[in-house]
Amino acid sequence: MEKTNAIAHLSRLAELLKKEQECEAEAQRKALTADSVHSGSCDSFCHYPVRLGHSSHNALGQLVLPVSFDTDPDATENDFEPGKPVAFFYLSADGEAVVDLQHPCMVDRIGDGLLHIVVPGLNALNFIVDHNKHTFLGIHTCVESTTYNIMQESLRAAMRSTDERFVRLRDTLTGWQQPRFRRLPPVSFPWLNAQQNKAIQCIVESQDVAIVHGPPGTGKTTTLVEAIIETLQRETQVLVCAPSNAAVDWICEQLMRRSVHVLRIGNPLRMSDEMLECSYERRYAAHPDFHELWSIRQTLNARNEKGNAVGGEQLRKLHKRMTELEVKINADLFEQARVVSCTLTGAGFRLLERRHFGTLFIDEAAQSLEPACWTAVLHADRIVLGGDHKQLPPTIHSMDAARGGLAVTLMQRVAQYHPQSVTMLNIQYRMHRDIMAFPSRWFYHGRLEAAPEVADRLVSPLDTPLTWFDTSLQDSPERQSRTQSKMNTAEARLTVHLLRDYIEMIGADRVLSDRIDFGIISPYRAQVRLIRRLLKMQRFFKRLRPQISVGSVDGFQGREHDVIILSMVRDNDSGAIGFLSDLRRMNVAMTRARMKLIVIGNAETLSHHKFYKELIEHFQTHGQFVVLPKEEETETTKQTSHEQ
């Protein structure tokens, strides 16, 4: 990793970020065509046609329009999520072009097979409804330009800053200064292991930066929560951030359970239900002085609407009192909070414009774009990074930007420059020792250990923790065209069949009573959609559905299940494995399993890659390796078809 001075490094990041934004926008423009809309190939970020329901108002007083569509929302993974910007569109008269309606909208929530869309006022609603009378409308997600603008402005601010403390932190994070530590009496929490306690000690002693490297199941969030609480013994308030709203909510929920007063900044539409009570908006409305403020606003609005101008002196008094109350309420909310939390780019919101904190904690830092981290770093004297760079990386669309250095996270950069700031957690509390062993050897230099309570835990004493079903002998007409395939129909059917076999072996009643849960993972969305459809077609799974999750690797980050089944999809003679070569994703997929890991895949295809060759050998040595005979696919297909 080439080291440049801090200003040059930040300037380079700004250039790469611009490339990334242009690439993402261009990729969507190319993907969203009349042909793709009709064929459904863009259904991960687009629905067409849609039907409009009757508008209403949400809890925040925003105008919401329900939208329905023919695609089963549970059968597809897509980019629609609360708070996501979207646009309505129609197809031109000649059917050749996608035409957007120029009214920016946003997803409010998803439920009951509907998208609930926030529209920006009555005029926009009428405009959309009028267009819908004359043509079919569709809806697609949009590139979040506001997020890019925040990151660019943060990089500029970081380059401009002459504040002595920030300049030192900036130079430390970019490798030009060595991090400083102070000696403090040892901290020790009996409920944490030695390495977790060591991580907290490193955090409280660091004056610039500390890193908690948390491999799967090692209690990274638990350690960060204890570190935050310990830091609050020394500081009045800290800032807690993460790259996604889900990650922010997760760590804040753990803090709330420890009775820590949290103030959550951000779009309420993107917060979990539990976190809404801590949102700035809810706390603002619950403030004792809010009733008076609301009354003044109502008075001013009512008189303005009637054209009844308030007298000059009275007007000045009302506005002065309104400003006083707004300032007071805002000051009280921040003064009462021990933890202020938001996403990394949320740290660029106006509410935090002049706020400064002694310590910034960034969870899931290994999934965070470095420019987003600088948005939060601007607000702090020192930072603590938690994550695992051997799991999912940040999403990057531009290969040029990735090769130029945007794919390198701030956590990776600091870990390379300052290894003395890193503490790796090494006791994992999730997986059977045989499930853990291969990821530990390949990704973590064999340093992981299974806690005694999970080391030998199995679903059944007669079971093994690892089973590989090899489809090398299976054959189908599809195989010759499967070099680039992202879907494998025979393997999807086999996956559903083997899941049923396994449940019947355990006993469906026991699965329900013991709440044994299953995760089916495939690296490809098309395969995920197919497996979901096949599961829905079988009555056998109806009462078990709450305990069966199907998704892509990204959707399973941070989750765990008793049994994980991986559908590998790739099946060809050339050994082309495409997306499977991203080994960090496979690390995530394998390490979601607590007691049982089942892999369904063509060992012959996958063995061309060293990682999978050694993984297969691990299954052969420590578990079961089952070569399915040629007739298995036919029998499975027949049985599945019959059951449907």
Side-chain angles (χ1 to χ4, degrees), residues 215-216 388-393 431-446 448 464-476 478-492 494-495 498 519-528 531 551-554 556-557 563-593 596-629 632-633:
D388 179 15
H389 56 281
K390 298 298 184 180
Q391 295 189 63
L392 290 183
M431 295 165 275
H432 188 285
R433 68 171 86 244
D434 291 343
I435 299 174
M436 173 205 73
F438 185 79
S440 175
R441 175 166 63 84
W442 188 276
F443 296 103
Y444 306 106
H445 308 289
L448 291 188
T464 60
L466 300 168
T467 302
W468 186 299
F469 289 99
D470 178 21
T471 62
S472 297
L473 296 181
Q474 304 281 293
D475 197 13
S476 77
E478 298 174 276
R479 187 174 183 200
Q480 296 306 315
S481 62
R482 219 179 266 159
T483 303
Q484 302 296 325
S485 179
K486 297 180 180 179
M487 188 170 71
N488 185 329
T489 306
E491 188 174 289
L494 180 61
T495 300
L498 292 173
I520 302 177
I521 303 176
S522 178
Y524 300 100
R525 282 180 169 180
Q527 188 78 346
V528 167
I531 292 171
S552 65
V553 180
D554 296 54
F556 273 83
Q557 172 80 353
V563 180
I564 288 290
I565 302 177
L566 302 185
S567 171
M568 306 296 274
V569 177
R570 290 293 181 169
D571 181 1
N572 55 74
D573 296 326
S574 63
I577 61 172
F579 203 38
L580 296 183
S581 59
D582 187 344
L583 302 184
R584 288 176 294 186
R585 281 187 155 75
M586 285 312 301
N587 184 30
V588 172
M590 292 186 296
T591 57
R592 302 308 96 193
K596 178 75 174 184
L597 175 61
I598 299 171
V599 178
I600 304 170
N602 187 318
E604 197 174 280
T605 298
L606 297 170
S607 290
H608 286 78
H609 193 289
K610 185 176 188 294
F611 173 87
Y612 292 103
K613 183 175 184 295
E614 294 190 17
L615 178 61
I616 289 164
E617 291 169 355
H618 180 75
F619 271 75
Q620 291 169 332
T621 305
H622 296 91
Q624 294 176 306
F625 186 82
V626 181
V627 180
L628 297 172
E632 180 74 13
E633 181 177 88

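Here the structure is a predicted model, which means the values were calculated and not measured. For the numbers below, each heavy atom of this structure counts, side chains included, while hydrogens, waters and symmetry mates do not.
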Interatomic spacing from [atom1] in [X] to [atom2] in [Y] - rounded to 0.5 Å:
X    : Y    : atom1 : atom2 : value
F469 : L498 : CZ    : CG    : 4.5 Å
S581 : M586 : OG    : CE    : 11.0 Å
I531 : T489 : CD1   : OG1   : 10.5 Å
Q624 : L466 : CD    : CG    : 9.5 Å
I600 : D470 : CD1   : CG    : 11.5 Å
W442 : E614 : CH2   : CD    : 5.0 Å

Hey, are the side chains of [X] and [Y] touching, using non-hydrogen atoms and a 4.5 Å cut-off?
X    : Y    : result
V599 : L615 : no
L448 : P439 : no
Q527 : S552 : no
M568 : N488 : no

Using every non-hydrogen atom in the two residues, find where [X] and [Y] come nearest and quote the distance to one decimal.
X    : Y    : value
D554 : L392 : CA-CD1, 3.6 Å
P523 : V553 : CA-CG2, 4.1 Å
N602 : S472 : OD1-OG, 3.0 Å
K390 : Y444 : CB-OH, 3.5 Å
A576 : R570 : O-CD, 3.7 Å
Q391 : P215 : NE2-C, 4.1 Å

Indicate yes or no for a side-chain donor-acceptor contact from [X] to the backbone of [Y] under 3.5 Å, with no hydrogens or angles considered.
X    : Y    : result
E491 : V569 : yes
D434 : P465 : no
S567 : S522 : no
K613 : H608 : no
S440 : M436 : no
T621 : H618 : no
W468 : Q620 : no

| request: Take I564 and K596 through the side chain to side chain contact (heavy atoms under 4.5 Å, CB included) test and state the conclusion after the steps. | output: CA-CA 6 Å; I564 288 290; K596 178 75 174 184; over 6 Å; no
| query | Is the H609 ring parallel, tilted or perpendicular to the F611 ring (thresholds 30°, 60°)? | reply | perpendicular
| said: Testing the 3.5 Å rule here: is there a donor-acceptor pair between the side chains of N572 and S574? | reply: yes
| task | Measure centre to centre between the rings of Y612 and F619, then say whether the value is under 6.0 Å. | result | no
